[in-house]
Number of protein chains: 2
Amino acid sequence: MADRGSRKDSPRLTARGAATRDRIVATTADLMFRQGVAATTLDQVVDACGISKSQLYHYFPDKEALIAEVIAMRKHRMVSTQKPQLDQVRSMRDLERWRDWLVTSRRERGEPYRCPIGSLANEVAGRYDDARRSLAGIFDTWQGLLADGLARMRESGELDPGTDPRELAVAVIAALQGGYLLAETMQDERPLMVALDMALDHVKAHVRAPVANLTQSDN
Amino acid sequence: MADRGSRKDSPRLTARGAATRDRIVATTADLMFRQGVAATTLDQVVDACGISKSQLYHYFPDKEALIAEVIAMRKHRMVSTQKPQLDQVRSMRDLERWRDWLVTSRRERGEPYRCPIGSLANEVAGRYDDARRSLAGIFDTWQGLLADGLARMRESGELDPGTDPRELAVAVIAALQGGYLLAETMQDERPLMVALDMALDHVKAHVRAPVANLTQSDN
DNA sequence: GGCGAAATGGACGATTTCGTCCAGTTTATG
DNA sequence: CATAAACTGGACGAAATCGTCCATTTCGCC
């Protein structure tokens with residue numbers, strides 16, 4: 001398993017130190033999620049964490065390194081929430097459950113219509129190339145988790161043998177991201193749902209045609 | 001026609017003044033497109049325009065007003081480039097032409113994989129609510145142009161009578177935006193093309209089913 | 001307990017950035 | 001051509017922001 005570099009660069013790290021460090025990253029991630037990377041000040045981080053400036057520079061050489069850690073945390077968090085859901089995908093029904101879970105879990109937490117990864121990517125992609133690459137890796141991993149599920153659907157005969165799970169996964173994640181952007185901008189969750197419905201219809205279009213009963217109305 | 005306030009707030013405006021003002025907006029728009037809103041400094045704008053600080057504050061009360069003008073310009077530019085294309089949409093073939101034009105025109109200009117409106121929206125949506133509303137209006141207009149084309153396709157009988165052009169347009173624009181985001185992050189235009197192909201397949205799924213030959217494979 | 005390293009607090013400096021001010025120049029118009 | 005208003009240049013101030021420094025406290029370990 002590839003070490004993210006969180007623990008390696010600081011030779012020795014006390015339990016308290018590790019806790020503080022993690023708290024800094026988590027708090028910064030939250031601030032950057034809500035107001036953006038550039039708009040998040042190190043002084044804000046210091047205040048929100050209840051620490052002093054020297055801590056920040058004790059654990060991170062500069063702001064860019066802190067951003068890198070935030071991204072690493074986002075990857076870890078994405079995998080730990082998405083993997084359990086996507087690993088269970090074996091049918092269209094499971095995929096619909098995943099879609100519903102995406103929408104309802106966001107709604108329940110009262111979070112803004114925004115993807116923690118997508119919004120990050122949009123802001124830093126043209127500015128910090130290392131960050132951009134890391135975020136590309138996150139998207140790649142995400143698409144991989146989804147593609148694995150689609151591959152299972154193909155192997156089990158639900159999807160057409162000619163289906164490319166990877167390409168399908170790219171399309172679905174793109175729809176998800178675009179749906180988030182429109183939903184946030186218009187302050188309305190319907191664009192997100194519409195986009196996800198399109199994506200799932202697109203997957204459904206690759207369902208192996210049943211021998212009879214072609215006229216069923218789906219959705 | 002709703003005046004955007006470009007000419008109204010300055011009672012008299014010399015030809016030279018108007019030219020300078022427009023140049024400021026255009027240059028700022030370009031800088032913000034390439035490096036983001038927060039990362040674009042007023043001093044950078046001053047340097048890039050070859051003007052001095054007082055001009056900026058002669059024409060615009062503050063940075064937020066300048067951002068507002070940039071957004072207004074983006075709307076104008078979007079309409080002037082998208083409307084000629086989308087007004088001609090009367091069939092799936094036209095829609096495919098629009099898709100190809102989107103991809104190739106970006107490629108020819110050597111621009112980054114980024115939507116001038118989407119990237120703007122992602123950055124300011126959670127920060128300046130006025131800007132967010134304006135951008136929502138742009139998306140709404142854009143979707144309207146596309147929906148009109150889809151409505152023509154429905155009226156001419158190419159699309160199913162039960163089709164909702166507006167909802168379809170939302171889905172297509174979402175795919176476009178998500179495709180842009182993935183393309184920029186992964187530095188690869190394929191996600192954009194995959195997303196647009198999905199969107200067009202989704203429209204195609206609403207093509208009125210021919211009376212016979214139901215088992216045709218689309219795509 | 002004692003020693004060295006890690007962890008912490010908070011002031012401080014350098015730079016950037018937004019916005020102001022005022023003196024000088026150009027333009028429109030009688 | 002004279003005058004007022006639009007236009008312009010560039011220095012300047014105030015605040016924000018990144019990053020540094022050093023004294024002090026806490027922790028790990030013998």
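Quick caveat, the model's predicted, so the values are computed rather than measured. What's counted below: heavy atoms across the whole structure, side chains too, no hydrogens, waters or symmetry copies. Lettering follows sequence order; numbering is per chain, from 1.
- As a whole-Å value, the separation of B:Tyr57 OH from D:dG9 P is 17 Å.
- In summary, B:Arg34 and B:Asp30 engage in a salt bridge, as defined by a charged side-chain N under 4.0 Å from a carboxylate O.
- Comparing B:Ala15 and B:Glu64 along DNA chain C, the residue whose closest nucleotide (by nearest heavy atom) sits nearer the 5' end is B:Glu64.
- Computed from coordinates, the A:Asp62 CG to C:dT16 C1' distance equals 17 Å when rounded to whole Å.
- As a whole-Å value, the separation of A:Leu56 CG from C:dG10 P is 15 Å.
- As a whole-Å value, the separation of B:Arg21 CZ from D:dT8 P is 13 Å.
- Distances shorter than 4.0 Å separate some side-chain N or O of A:Thr20 from OP1 or OP2 on C:dT8.
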Name every donor-acceptor pair, under 3.5 Å, that has one atom in a side chain of residues 173-187 of chain B and the other anywhere in the protein, sequence neighbours excluded.
residue: B:Glu184; atom: OE2; partner: B:Arg114; partner atom: NE; Å: 2.6
residue: B:Glu184; atom: OE2; partner: B:Arg114; partner atom: NH2; Å: 2.8
residue: B:Thr185; atom: OG1; partner: B:Leu181; partner atom: O; Å: 2.8

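- Atom OH of B:Tyr59 is separated from atom P of D:dA6 by 11 Å (rounded to the nearest Å).
- Minimum atom distance to the side chain of B:Arg16 is reached by D:dC7, of the listed C:dT8, C:dG19, D:dC7.
- Closest to the B:Gln55 side chain, of the nucleotides D:dG9, C:dT27, D:dG19, is D:dG9.
- Within residues 36-50 of chain B, no residue has any heavy atom closer than 4.0 Å to DNA chain D.
- Among the nucleotides D:dG19, D:dG10, C:dT8, the one closest to any side-chain atom of B:Lys53 is D:dG10.
- Distance from the side chain of A:Thr14 is smallest for C:dA7 among the nucleotides C:dA7, D:dC7, C:dC18.
- The stretch residues 37-49 of chain B participates, sequence neighbours left out, in these side chain to side chain donor-acceptor pair (under 3.5 Å) pairs: B:Asp43-B:Lys53.
- Only one option out of B:Thr104, B:Asp94, B:Asp197 pairs with B:Arg99 in a side-chain hydrogen bond (donor to acceptor under 3.5 Å, both in side chains); it is B:Asp197.
- Side-chain atoms of B:Arg74 come within 3.5 Å of backbone atoms of B:Ala29 as a donor-acceptor pair (strictly under, hydrogens ignored).
- Candidate nucleotides C:dA6, D:dC7, D:dG10 were compared by shortest atom distance to the side chain of A:His58, and C:dA6 ranks first.
- Rounded to whole angstrom, the span from the CZ atom of A:Phe60 across to the P atom of D:dT20 amounts to 15 Å.
- If you check C:dA7, D:dG9, D:dG19 against the side chain of B:Ile51, the one that comes closest is D:dG9.
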Take B:Trp98 and B:Val172 through the side-chain contact (heavy atoms from CB on, under 4.5 Å) test and state the conclusion after the steps. CA-CA 12 Å; B:Trp98 173 67; B:Val172 171; 3.8 Å; yes
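- As rounded to whole Å, 13 Å separates atom C1' of D:dG19 from atom CG of A:Leu66.
- In this structure, A:Arg133 pairs ionically with A:Asp129, as a charged nitrogen and a carboxylate oxygen lie closer than 4.0 Å.
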